[in-house]
Structures are given as structure tokens and as C-alpha cells.
Amino acid sequence: MSARIISIVSEKGGVSKTSSVCHIGARLSQMGFKVAIIDFDTTQANATTQLVGPIWTNEDYKKGICSVVTEGNLIDDVIIETGRENLFLIPSEKFQSNGAPFNIEATLKELGLEGYMLLKEAIESSSKLKDMNFIIIDNGPTLGITTVATLIASDYYAIPVRTESFSMDSISPTIDTANKVKKQANKLLKPLGVYIALEDKRNKKNLKRALDELEKITTDHSIHLFENRIPVNANFAYLPRDRKLIYDLKTGNRGRAEYEALTQEILERIMMIEKSEEEVNLESTQMEAR
């Protein structure tokens with residue numbers, strides 16, 4: 001079976017997309033799955049920094065996904081090990097070797113239709129990614145061509161949110177964009193759902209209001225709302241600087257059990273969706289046979 005490709009997407013920044021990608025990916029790898037993370041947030045490259053450190057320094061410059069887009073390099077040429085068993089990374093180099101920043105959004109736009117399909121084709125042409133069980137894609141806070149390209153390449157998408165107003169406002173536009181991609185370019189794209197990646201419990205009244213609003217938004221859009229939530233946790237703040245994950249800290253830290261439970265719920269959600277699809281396909285085949 002080919003790898004399941006999951007995009008973590010949101011129009012809003014600061015909703016813990018990168019932390020989600022790294023922690024969900026690492027947890028899956030701990031469970032024995034082979035996982036590749038693609039850092040497609042090329043302006044920030046935070047997943048790269050957290051997992052392996054900045055690869056764009058003069059002393060240790062390495063090519064990543066930007067060279068795949070701009071130079072036609074293969075993913076197989078830039079995929080690297082993270083030092084964690086079963087976890088691999090297609091990093092973002094963020095800057096060119098001369099220190100100039102990349103503008104992947106502009107590059108993809110210049111390519112026209114080819115730009116929208118570039119990531120999908122790069123993944124499909126990779127022999128190393130064929131060995132993976134999961135490919136998880138980190139995205140920037142945009143609904144532009146880079147995010148559309150990842151949705152075209154993906155089987156599933158999930159939307160992280162935090163329990164505050166502006167984050168809630170970003171859910172509907174993100175779902176609308178994914179629905180357009182499904183209709184026009186990738187009929188196989190499916191929503192895993194919306195999950196709380198930063199739950200702030202300091203004000204119970206505001207939290208209840210946020211949860212009620214989330215329930216309404218996800219019901220109106222007929223999209224799943226995950227039960228497991230990730231709490232706001234000061235321990236997450238400096239993990240990227242130390243190139244660590246919550247699993248590297250002592251057992252009992254807030255966030256560890258929650259990410260483990262969220263990852264398990266994601267797996268169960270995927271199995272449920274795929275079982276439902278199998279039943280529909282079987283029923284369709286039986287009807288055709290009549």
C-alpha cells in the first residue's frame with residue numbers, strides 16, 4: 001500500500017501546525033510506521049529547524065525542497081534522516097547558498113498549471129517515499145498556491161486551531177479552499193477533521209465559548225471535530241531551539257499523552273474513512289454485477 005499523505009493546513013499562523021507535524025509524525029514513527037515529513041513552509045522552515053537544525057548556514061548548507069521546486073532536483077536527493085528511528089525529513093533550505101531568500105510561491109505561479117502539480121509529481125517520482133507508511137506535509141499560514149499544491153498531492157488534510165477568535169475565523173476559508181481543490185483537482189482528498197492544537201484553559205468562560213463555536217462550525221461544514229486536545233504548555237516554547245520534542249522530556253509532561261492520544265485518534269479516523277470507502281466500493285461493484 002502506498003503512503004498516506006496528510007497535509008496540516010490553516011490560513012492562520014500561530015496555531016501549532018509545525019509542532020503538530022513534528023509530534024504526530026514522531027509518534028507514528030515510535031509506533032513503528034515509516035514517516036517522512038515534508039517542510040513546505042519554505043519561508044520559515046521551522047520543522048527543519050526543530051528536527052535537524054538550520055541546513056542553510058554557510059558551514060552546513062544542504063539542499064532541500066526549495067531546490068526540488070527551483071532546480072528540478074529529486075526528493076530522493078534531498079531526503080535526510082532525523083536521528084529518530086523511522087522518521088525522515090524533506091527539509092527546507094529557506095535561503096539560497098548565496099544568502100538570498102527563496103520565493104517558492106512566485107516560482108510555482110510562474111510555472112502555471114505545472115506549479116500546482118509539481119509537489120504531487122515530485123512525491124510520485126520518489127522511490128524512497130514509496131517505502132513510507134505516512135507522509136506529513138507542513139504548510140505556511142496561507143491558502144495560496146503552496147498550500148493548494150500540497151492539497152493536490154494529499155490524501156487527507158487536518159486543520160489545527162487554537163481556542164481564540166482569529167483562529168476560529170480561519171477554519172471556514174481553509175475548508176472552502178480544500179473543497180475547491182477536491183472538486184477541481186483532487187477528488188481523492190478527504191478531511192480528517194479539525195483539532196485543538198492549543199487549548200487555553202485559563203478562562204473557562206472563553207474556553208466554553210470557543211468550544212461551542214467550534215462545535216457549530218464543524219457541524220455546519222459536516223467535518224469531524226477531534227475529541228483529543230493539545231493544551232497550551234510552556235514546555236513547547238523552547239523545544240525547537242533545543243531540537244527536541246515533548247517525548248524527549250521526562251514522562252508526565254503535559255502534552256505528551258495528549259499528542260499520543262491525538263495520533264491514535266487520527267489513525268482510527270483514517271481506518272474508519274477507508275473502511276467506509278471499501279464498503280461503498282464493494283456495494284457499487286455488487287450493483288454493477290447485477
| query | Is there a donor in the side chain of S20 and an acceptor in the side chain of Y195, or the other way round, less than 3.5 Å apart? | reply | yes
| said: Does any part of the side chain of F88, heavy atoms only, come nearer than 4.5 Å to the side chain of I135, both counted from C-beta? | reply: no
| For the residue pair F95 and W56, does the interplanar ring angle fall in the parallel (under 30°), tilted (30 to 60°) or perpendicular (over 60°) class? | perpendicular
| message | Are there over 12 heavy-atom neighbours, none belonging to K190, within less than 6.0 Å of that residue's NZ? | response | yes
| task | Spell out, yes or no, whether V15 and Y157 are grouped together once hydrophobic residues are joined by side-chain heavy atoms under 4.5 Å, including indirect joins. | result | no
| said: Return the CG to CD1 distance between D39 and I65, rounded to the nearest 0.5 Å. | reply: 9.0 Å
| Side chain to side chain, S154 and L189, heavy atoms closer than 4.5 Å | yes
| Where is the tightest heavy-atom contact between K12 and K17, given as atom of each residue plus distance? | O-NZ, 2.9 Å
| said: One pair to check against side-chain contact (heavy atoms from CB on, under 4.5 Å): L214 and M168. What are the steps and the verdict? | reply: CA-CA 7 Å; L214 258 178; M168 300 292 175; 3.7 Å; yes
| said: Determine whether a donor-acceptor pair (N or O, by modelled atom type, separation under 3.5 Å) exists between the side chain of E105 and the backbone of I145. | reply: yes
| message | Within the structure provided, determine whether T107 and F102 are in side-chain contact (heavy-atom separation under 4.5 Å). | response | no
| task | Apply the test side-chain contact (heavy atoms from CB on, under 4.5 Å) to residues R241 and Q50: give CA-CA distance (whole Å), side-chain angles for both, the deciding distance (0.1 Å), then the verdict. | result | CA-CA 7 Å; R241 193 169 294 278; Q50 181 153 8; over 6 Å; no
| Is there a path from V194 to V232 through hydrophobic residues (I, L, V, M, F, W, Y) whose side chains come within less than 4.5 Å of each other? | no
| said: Within the supplied structure, the quantity of interest is the number of heavy atoms (other residues, nucleotides, ligands) at a distance under 6.0 Å from Y116 OH; does it exceed 12? | reply: no
| request: Could you tell me which non-hydrogen atom of P240 sits nearest to which non-hydrogen atom of F236, and how far apart they are? | output: CD-O, 3.4 Å
| Is the shortest heavy-atom distance from the side chain of K34 to the side chain of D131 under 4.5 Å? | yes
| Is it true that a side-chain atom of E81 and a backbone atom of L87 form a donor plus acceptor pair closer than 3.5 Å? | no
| field | Linked, directly or transitively: L108 and L143 (ILVMFWY side chains, under 4.5 Å) | value | no
| request: State, without any angle test, whether E11 and T174 hold a side-chain donor-acceptor pair at a distance under 3.5 Å. | output: no
| request: Take I38 and D138 through the side-chain contact (heavy atoms from CB on, under 4.5 Å) test and state the conclusion after the steps. | output: CA-CA 6 Å; I38 300 179; D138 191 17; over 6 Å; no
| message | Quick one, E265 with R269, criterion salt bridge (Lys or Arg N to Asp or Glu O under 4.0 Å). Give me CA distance, side-chain angles, the key distance, then yes/no. | response | CA-CA 6 Å; E265 189 176 356; R269 176 92 179 127; over 6 Å; no
| task | Could you state whether L198 and I171 fall into the same hydrophobic cluster, counting links through intermediate Ile, Leu, Val, Met, Phe, Trp or Tyr residues with side-chain heavy atoms under 4.5 angstrom apart? | result | no
| said: Please report the interatomic distance NZ(K128) to CD1(I90), rounded to the nearest 0.5 Å. | reply: 10.0 Å
| query | Do K180 and D176 pass the salt bridge (Lys or Arg N to Asp or Glu O under 4.0 Å) test, and can you show the C-alpha distance, the side-chain angles, and the key distance before you say yes or no? | reply | CA-CA 6 Å; K180 288 178 183 177; D176 290 343; over 6 Å; no
| task | Measure across P91 and T48 and return the closest heavy-atom pair with its distance rounded to 0.1 Å. | result | CA-OG1, 3.4 Å
| request: Answer yes when K120 and E124 have at least one side-chain N-carboxylate O distance shorter than 4.0 Å, and no when they do not. | output: yes
| request: Work out which heavy atom in P191 is nearest to a heavy atom in I223; give both atom names and the distance. | output: CB-CD1, 3.7 Å
| task | Would you sort out whether M271 and E274 count as a side-chain contact (heavy atoms from CB on, under 4.5 Å), showing the intermediate values? | result | CA-CA 5 Å; M271 288 188 287; E274 293 181 355; 5.7 Å; no
| Once you round to the nearest 0.5 Å, how far does CD1 of I230 lie from CD1 of I196? | 10.0 Å
| said: Within the 4.5 Å heavy-atom criterion, are N179 and V181 side-chain neighbours or not? | reply: no
| message | Within the 4.5 Å heavy-atom criterion, are M31 and Q264 side-chain neighbours or not? | response | yes
| With a 4.5 Å heavy-atom cut-off, do S10 and R162 have their side chains touching? | no
| note | In this structure, CG of N133 is separated from CG of L28 (nearest 0.5 Å) by 9.0 Å
| Is a side-chain donor-acceptor pair under 3.5 Å present for D76 with S126? | yes
| said: To check you understand the geometry: which heavy-atom pair defines the closest contact between Y247 and H23, and what is its length? | reply: OH-O, 2.7 Å
| task | Any salt bridge (Lys or Arg N to Asp or Glu O under 4.0 Å) involving residues 213-236? Give me the pairs, sequence neighbours left out, ordered by first then second residue. | result | E199-R229, K216-D220
| field | Minimum-distance pair of heavy atoms, taken over all atoms of L245 and A26 | value | CD1-CB, 3.4 Å
| With a 3.5 Å cut-off and no angle check, do the side chains of S67 and N73 form a donor-acceptor pair? | yes
| Sidechain N-carboxylate O distance under 4.0 Å for D248, R84 | yes
| Hey, is D242 close enough to K244 for a salt bridge, meaning N to O under 4.0 Å? | no
| field | same_hphob_cluster(L111, F40) at 4.5 Å side-chain heavy-atom cutoff | value | yes
| query | In Å and rounded to the nearest 0.5 Å, what is the CG to OG1 distance from L89 to T82? | reply | 7.5 Å
| More than 12 foreign heavy atoms under 6.0 Å from CZ of F166: is that the case here? | no
| How many angstroms lie between CG in N203 and NZ in K201, if you round to the nearest 0.5 Å? | 14.0 Å
| field | Non-hydrogen side-chain atoms of I6 and I270 separated by less than 4.5 Å | value | yes
| query | Is it true that the side chains of H221 and S172 contain a donor and an acceptor less than 3.5 Å apart? | reply | yes
